[in-house]
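All values reported here derive from a predicted model rather than from experimental measurement.
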Amino acid sequence: MQTEFLNRIEIQGIVGAVNLNKVGNTSVLRFSVLTEHTYKGNDGCVIVESTWHNVTCWQGDGLQDPSSINKGDAVNVKGRLRTYRFADSDGNERVAQEIFANSVTKIERRD
C-alpha cells in the first residue's frame, strides 16, 4: 500500500504582478501575492516580515475567469506547493517555489 502525503497551502494577500497567457484553448494565470507576518522583536519593536509568493492557476482549476484578478486585489489562494530548480542567465543554479492554485477567491480588503 502506498502512503499519500499531504501537500496543501493556503495564503491570503494582495496581488502584485499579473500575467495572463493562452496555452492552446486554455488560459493560464501567473501572479504574485504579498503576505505579511507581524511580530514583536526582543526590543519590543514591531517587525513586519513581507513575503512574495508566485502563483500559477489554470482556467477551470478553481478560477473560471482569469481576467478578473488584477493588481491590488485581495485574494485567498489554496493549492499545492511546488519547488523547482533552474539555471539563471549566468548559468547559476537557482531554487524557486510556486503555488499551483486550485482555488483563487477575491476577498474584501481590510485597509
Provide the closest heavy-atom pair for [X] versus [Y] in the form atom of the first, atom of the second, distance.
X: Val104; Y: Cys57; value: CG2-SG, 4.1 Å
X: Val18; Y: Asn70; value: CG2-C, 4.1 Å
X: Ile99; Y: Gly79; value: CG2-CA, 4.4 Å
X: Gly41; Y: Ile47; value: CA-CD1, 3.7 Å

> Can you name the residues that form a side chain to side chain donor-acceptor pair (under 3.5 Å) with Arg94, not counting sequence neighbours?
Replying inline: Asp88

> Are Ile107 and Leu34 grouped together when hydrophobic residues (ILVMFWY) are joined by side-chain heavy atoms under 4.5 angstrom apart?
Replying inline: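 No, Ile107 does not connect to Leu34 through the hydrophobic network.
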
> Is Ile11 linked to Val75 within one hydrophobic cluster, defined over Ile, Leu, Val, Met, Phe, Trp and Tyr using a side-chain heavy-atom separation of less than 4.5 Å?
Replying inline: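 Hydrophobic grouping puts Ile11 with Val75.
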
Roughly how far, to the nearest 0.5 Å, is [atom2] of [Y] from [atom1] of [X]?
X: Trp52; Y: Ile14; atom1: CH2; atom2: CD1; answer: 9.0 Å
X: Glu36; Y: Glu49; atom1: CD; atom2: CD; answer: 10.0 Å
X: Phe100; Y: Leu81; atom1: CZ; atom2: CG; answer: 10.5 Å
X: Ser32; Y: Lys71; atom1: OG; atom2: NZ; answer: 8.5 Å

> If we only count heavy atoms from C-beta on, is the Lys78 to Asn102 side-chain gap below 4.5 Å?
Replying inline: yes

>> I'd like to check His37 versus Thr51 (side-chain heavy atoms, cut-off strictly below 4.5 Å). Are they in contact?
In response: no

> For Glu93, which residues count as a salt bridge (Lys or Arg N to Asp or Glu O under 4.0 Å) partner, sequence neighbours excluded?
Replying inline: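 Listed in chain order: Arg85.
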
>> With a 3.5 Å distance limit and no angle check, can you tell me whether Asp43 reaches the backbone of Cys45 through a side-chain donor-acceptor pair?
In response: yes

>> Treating Asn21 as the side-chain partner and Val28 as the backbone partner, does any N or O pair qualify as donor plus acceptor under 3.5 Å?
In response: no

>> Would you say NZ of Lys106 has more than 12 non-hydrogen atoms from neighbouring residues, nucleotides or ligands within 6.0 angstrom?
In response: yes

>> For Asn76 and Glu10: C-alpha separation, side-chain torsions, deciding distance, then whether side chain to side chain contact (heavy atoms under 4.5 Å, CB included) applies.
In response: CA-CA 7 Å; Asn76 181 304; Glu10 179 176 0; 3.0 Å; yes

> Going by atom types only, do Thr35 and His53 share a side-chain donor-acceptor pair under 3.5 Å?
Replying inline: yes

> With a cutoff of under 4.5 Å between side-chain heavy atoms, which Ile, Leu, Val, Met, Phe, Trp and Tyr residues group with Val95?
Replying inline: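 Its cluster mates, by chain and number: none.
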
>> Applying the side-chain contact (heavy atoms from CB on, under 4.5 Å) criterion to Ile69, which one of Val33, Leu29, Val55 satisfies it?
In response: Leu29

